[in-house]
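Some notes on the structure that comes next.
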Amino acid sequence: MFNKTHGRDDHRVVEVDPPSSYEETMPVLIDLHEKIAEEHEVNIKFDKVSNPDHYKQGVSPYDVAKSMYGSEGLLKFVTINSVKYIQRYPFKYKGDPDKQLDDLVKAKRSLETAIELHKEIYGDQHIRHG
């Protein structure tokens, strides 16, 4: 469900699959990023936002929170986290559209994690669109 991470040498290896939507969405985002970069000579660094290097070291904080508070607790956290990113989006980096976009990408990732956790807790029931 989350980033694949490895613990220290004296602990067992922890591997967690990314959300299923991550694998479907990332190629589309990468293609869009390349198109924008070519057309407008802008480098929006989706990789830094979507999968930063510091997320690849040690155990994922999401995994720790899930083990401590369960799926329900983590669901509450990522939902609140997405609201945080959305609320601060127009204000925190006013005048820097690239950093503002970063907050929206983070909010989307938090919501995708919330959706995956919801499916894990309540089953993969039909989701109403609209």
Side-chain angles (χ1 to χ4, degrees):
M1 177 183 283
F2 308 105
N3 295 334
K4 290 189 179 195
T5 58
H6 299 282
R8 299 184 323 220
D9 290 337
D10 59 339
H11 289 84
R12 64 183 177 86
V13 174
V14 177
E15 291 194 21
V16 184
D17 295 328
S20 59
S21 59
Y22 179 81
E23 293 174 5
E24 298 166 6
T25 306
M26 283 312 293
V28 173
L29 289 176
I30 291 169
D31 289 343
L32 178 62
H33 170 255
E34 290 173 356
K35 183 177 180 181
I36 291 171
E38 288 173 9
E39 291 179 5
H40 302 285
E41 298 178 12
V42 175
N43 186 5
I44 301 180
K45 302 182 184 174
F46 278 107
D47 290 338
K48 271 191 162 179
V49 176
S50 297
N51 198 13
D53 291 337
H54 63 270
Y55 281 12
K56 299 174 190 172
Q57 299 172 1
V59 178
S60 165
Y62 281 180
D63 294 335
V64 172
K66 189 174 181 181
S67 68
M68 291 175 67
Y69 305 111
S71 297
E72 294 86 359
L74 182 57
L75 176 59
K76 290 176 186 176
F77 172 77
V78 295
T79 304
I80 291 167
N81 216 27
S82 65
V83 171
K84 172 189 77 172
Y85 288 124
I86 291 168
Q87 283 185 324
R88 77 180 191 185
Y89 150 75
F91 307 108
K92 185 171 181 184
Y93 297 109
K94 197 170 191 172
D96 191 342
D98 289 343
K99 287 190 177 182
Q100 286 181 316
L101 180 60
D102 289 352
D103 272 348
L104 292 177
V105 170
K106 291 175 187 178
K108 180 182 177 198
R109 194 170 101 223
S110 290
L111 285 173
E112 287 172 345
T113 302
I115 290 167
E116 290 296 320
L117 285 164
H118 179 88
K119 289 177 182 178
E120 178 183 313
I121 296 166
Y122 301 106
D124 195 5
Q125 301 170 1
H126 177 70
I127 299 173
R128 185 175 71 96
H129 298 281

Salt-bridge contact Lys92-Asp103 (side-chain N to carboxylate O under 4.0 Å) | no

Determine, using the 4.5 Å side-chain heavy-atom cutoff (strictly less than), whether Tyr69 and Val59 are members of one ILVMFWY cluster.
-> yes

Sort and list the pairs that fulfil ring-ring contact (aromatic ring centres under 6.0 Å, His included) and have at least one residue in residues 90-110, not counting sequence neighbours.
-> none

Residues in side chain to side chain donor-acceptor pair (under 3.5 Å) with Ser71, at least two apart?
-> Glu120

Cluster companions of Tyr89 among Ile, Leu, Val, Met, Phe, Trp, Tyr (side-chain spacing under 4.5 Å) | Leu104

According to a 4.5 Å side-chain heavy-atom criterion applied to Ile, Leu, Val, Met, Phe, Trp and Tyr, with indirect links allowed, do Tyr122 and Phe77 form part of one hydrophobic cluster?
-> yes

Kindly give the heavy-atom pair with the smallest separation between Ser110 and Ser82, and that separation in Å.
-> CB-CB, 3.7 Å

Set of residues satisfying side chain to side chain contact (heavy atoms under 4.5 Å, CB included) with respect to Leu75, sequence neighbours excluded = Thr79, Ala114, Leu117, Ile121

With Val83, which residues qualify under side chain to side chain contact (heavy atoms under 4.5 Å, CB included), at least two apart?
-> Gln87

With rounding to the nearest 0.5 Å, note down the distance linking CD in Gln100 to NZ in Lys94.
-> 9.0 Å

Write out all pairs satisfying salt bridge (Lys or Arg N to Asp or Glu O under 4.0 Å) with one or both partners inside residues 72-85, taking only residues at least two apart or from two chains.
-> none

